[in-house]
Amino acid sequence: MLKLFRTLSIALLMMGSVLADWTSPHDLQLEETAPAALIPFPREVKWKKDTLELPAADNWELIGKAAKDDSVRLAWKGLLSEVKGKGKGKLTVRLRSAGDKLNEEQKAEGYVLQVNAKGISIGAETRAGFFYGLQTLRQLVHKKKSIPHCFIVDWPAFKYRGYMQDCGRNFRKVERLKKELDLAARLKVNLFHWHLTDYPAWHIQCKAYPQLNSPKHRTRDLNDTYSYEEIREVFAYAKERCITIIPELDMPGHSAYFDRAFGFKMHSPEGMKIVAKLLDEFCKEIPADICPIVHFGADEVRIPNAAEFVGMVTTQLEEHGRQPMQWASSRDLPVGEKSIEQRWGEGADMVAKSIIPERITRRAFDSTMGYANLLDPAMAVRRYFFMRPCGSAKGDELKLGTIFCIWPDGKVDRKEWIPAFCSMWPGMMAMAERAWIGGEADGDALPLEMPAPDTEAGKAYRLFEQRMAALRKSIFKDEDFPVWPESGMTWTVVEPTDKANADSTRKAVLAGKIDGLTTRTAYCANLYFRTRPDTGYLGMFSSARPGSTVWATTSIHAKKAGKYPFMIGFDAPARSNRRWTGVPKAGDWSQTGTRIWINGAEVRNPRIFKNAGKFSHPGNAWNFDNPLDIEEVWWALDPVQLPLKKGENTIIIEQPYAGEHHSWGISFIPLFQYK
């Protein structure tokens with residue numbers, strides 16, 4: 001499903017004021033002195049100089065009434081699995097009431113964590129509060145022999161912090177979904193939006209109409225079906241981890257399998273009767289106490305009886321005690337009067353509704369900040385880190401929170417590639433951070449280009465990158481994690497030059513004579529000049545046009561001469577509709593004429609591609625069933641080794657803009673200490 005980001009056409013005009021005004025929702029000094037990488041970072045924390053020696057796991061004891069709760073026991077077991085202390089004596093972790101340390105609004109998921117000479121205590125009023133307190137403690141003690149005394153008071157800004165998996169287009173095994181729920185819970189994520197049906201198949205067991213499960217009516221994952229027993233198993237697994245599941249049965253659009261199975265449309269009179277029975281069966285098999293919300297899609301479709309169809313489905317769900325939920329944009333069916341809406345950017349009107357909180361007049365989730373299948377990983381992380389869900393500092397009865405959507409869309413032959421292709425875990429970390437902490441500052445414009453390192457925004461992002469990098473090596477060490485720290489590089493970027501002046505500009509840049517050129521400074525390893533129209537033309541030069549060329553130069557210090565590893569890319573292929581410039585030809589860096597010089601000598605691309613020169617899709621190519629090759633996703637490949645001399649090395653990159661569907665930019669990421 002192709003969803004658009006909210007456009008930022010006026011953002012560059014506001015950049016100066018945003019940079020000056022953006023402030024971190026927590027004291028960055030407390031983050032710099034934190035003894036561990038905590039994501040999300042606590043709302044209130046005091047670190048103390050004294051430390052608590054940690055004994056071996058066998059000598060830990062959990063006491064308190066809540067200690068018998070299944071979720072608490074689960075979190076406790078996970079904590080003990082990472083205890084590496086060898087201190088003598090027993091350590092008691094006491095579970096108690098939070099008392100007046102949390103107000104009524106904060107008690108639903110809040111906790112108070114205290115570490116002192118007497119031991120450790122966690123105060124909370126709910127199982128979720130104790131569960132999250134133990135998750136923070138687990139991050140603090142991860143493979144450590146001692147932790148500092150501290151006092152943490154913590155609670156989420158938004159009720160829901162969620163992620164979505166598209167299992168309708170690319171079926172995911174139950175075992176893998178459970179692994180992802182385990183990891184999401186570590187980040188205090190509490191919502192899993194499970195997209196179960198789409199064009200290729202109805203992947204839910206169907207007793208009333210077995211033909212819906214027939215391989216002959218499917219176009220992908222022909223023999224894969226979730227039994228009701230498996231679905232209930234996943235729901236129970238999630239609940240134990242304090243995660244609510246919202247299943248999505250996408251209708252009446254995205255339902256080609258229905259046409260193939262029955263020979264008529266979902267919204268036809270006979271189709272609506274079948275839909276009613278499908279909803280009846282699902283709701284009877286998956287009870288309301290574990291599944292209070294049912295999402296029925298209603299997106300990207302136009303039908304003559306829209307109001308009738310929406311009314312029928314919402315009434316049916318309400319009769320089964322369910323809260324209906326729908327996608328909400330100008331391309332979707334009208335949202336039912338009692339439905340929760342899930343916002344995804346679509347046009348100027350949708351942008352206004354998403355950004356201005358006063359225009360949210362019904363319960364809503366915000367998914368306008370970016371889908372995982374469009375931009376490259378670093379942009380997705382930036383957007384979620386700096387944006388405010390529902391345009392607000394915190395949630396309320398209407399502003400429910402955010403859902404980070406993972407849409408591989410196209411057929412994926414090797415499902416284990418999905419987290420890498422869609423930058424699942426870095427994006428989820430940024431979402432979890434922002435939805436938990438919230439924040440008053442409006443950072444909408446900041447993802448366009450990285451803030452300067454001496455600004456509060458720049459410092460905050462650098463510290464967050466360090467926390468991500470630490471968790472990548474610990475909690476997520478077995479997962480694909482295609483984001484690397486990018487803060488710290490400084491580029492001089494020559495403003496876009498047209499074809500008529502390209503040769504003279506190149507000569508000036510290579511000669512080091514750029515004083516007469518118009519330049520700007522950029523502070524990151526991923527430079528975004530202008531992205532595709534489906535992402536709202538984000539970037540440093542969002543008004544530029546194809547035919548322009550940008551030059552960027554930087555300096556990298558090497559301790560000794562040799563070859564050094566870099567992650568390098570010049571286009572982010574859309575994983576939905578294959579818009580991109582293609583795999584480079586042998587020796588080239590791209591199919592658009594990208595060139596790189598190191599210390600004045602041009603360097604050819606040493607990578608050997610089996611698909612060299614293929615897969616250029618300059619337009620909107622809906623190749624849903626033509627799987628992406630791994631070579632089309634630069635951040636999923638091994639690093640490129642480039643030669644550097646000892647000391648300072650001058651890097652110059654020339655990057656032409658090929659066309660509207662080119663995600664125009666430079667990713668040049670050193671994977672070593674270069675300063």
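Excluded from the calculations below are hydrogen atoms, water molecules and symmetry mates; all remaining heavy atoms, backbone and side chain alike, are included. Only a predicted model underlies this, so the values are computations on that prediction, with no experimental measurement involved.
- S423 contributes no side-chain N or O that, together with a main-chain N or O of P419, makes up a donor-acceptor pair within less than 3.5 Å.
- Taking the ring centroids of F171 and Y226, they lie under the 6.0 Å cut-off.
- Between R382 and E486 there is a salt bridge, with a side-chain nitrogen of the basic residue lying less than 4.0 Å from a carboxylate oxygen of the acidic one.
- Checked for salt-bridge contact, R388 and D366 miss the test: no charged N lies under 4.0 Å from a carboxylate O.
- Classification of E397 and R363 as a salt-bridged pair fails, no side-chain N sitting under 4.0 Å from a carboxylate O.
- W327 has its ring centre less than 6.0 Å from the ring centre of H295.
- More than 12 heavy atoms of other residues, nucleotides or ligands shown are found within 6.0 angstrom of NZ on K415.
- Checked against the 6.0 Å centroid threshold, F481 and W425 do not count as a close aromatic pair.
- A cation-pi contact, defined as under 6.0 Å to the ring centre and within 45° of the axis, is absent between R434 and F386.
- No donor-acceptor contact under 3.5 angstrom links the side chains of E456 and T23, judged on distance only.
- Taking the ring centroids of Y111 and F130, they lie at or beyond the 6.0 Å cut-off.
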- Starting from the C-alpha separation in whole Å, work towards a yes-or-no answer on salt bridge (Lys or Arg N to Asp or Glu O under 4.0 Å) for E105 and K159. CA-CA 10 Å; E105 180 183 338; K159 182 176 180 179; over 6 Å; no

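- Between R138 and E82 there is a salt bridge, since at least one side-chain N of the basic residue sits less than 4.0 Å from a carboxylate O of the acidic one.
- Taking both residues in full, the closest heavy atoms of N116 and Q114 are given as ND2-NE2, 3.5 Å, listed atom of the first, atom of the second, then distance.
- Using a 3.5 Å distance cut-off with no hydrogens or angles, the side chains of S24 and K459 do not pair a donor with an acceptor.
- By the 4.0 Å N-to-carboxylate-O rule, R467 lies close enough to E433 to be salt-bridged with it.
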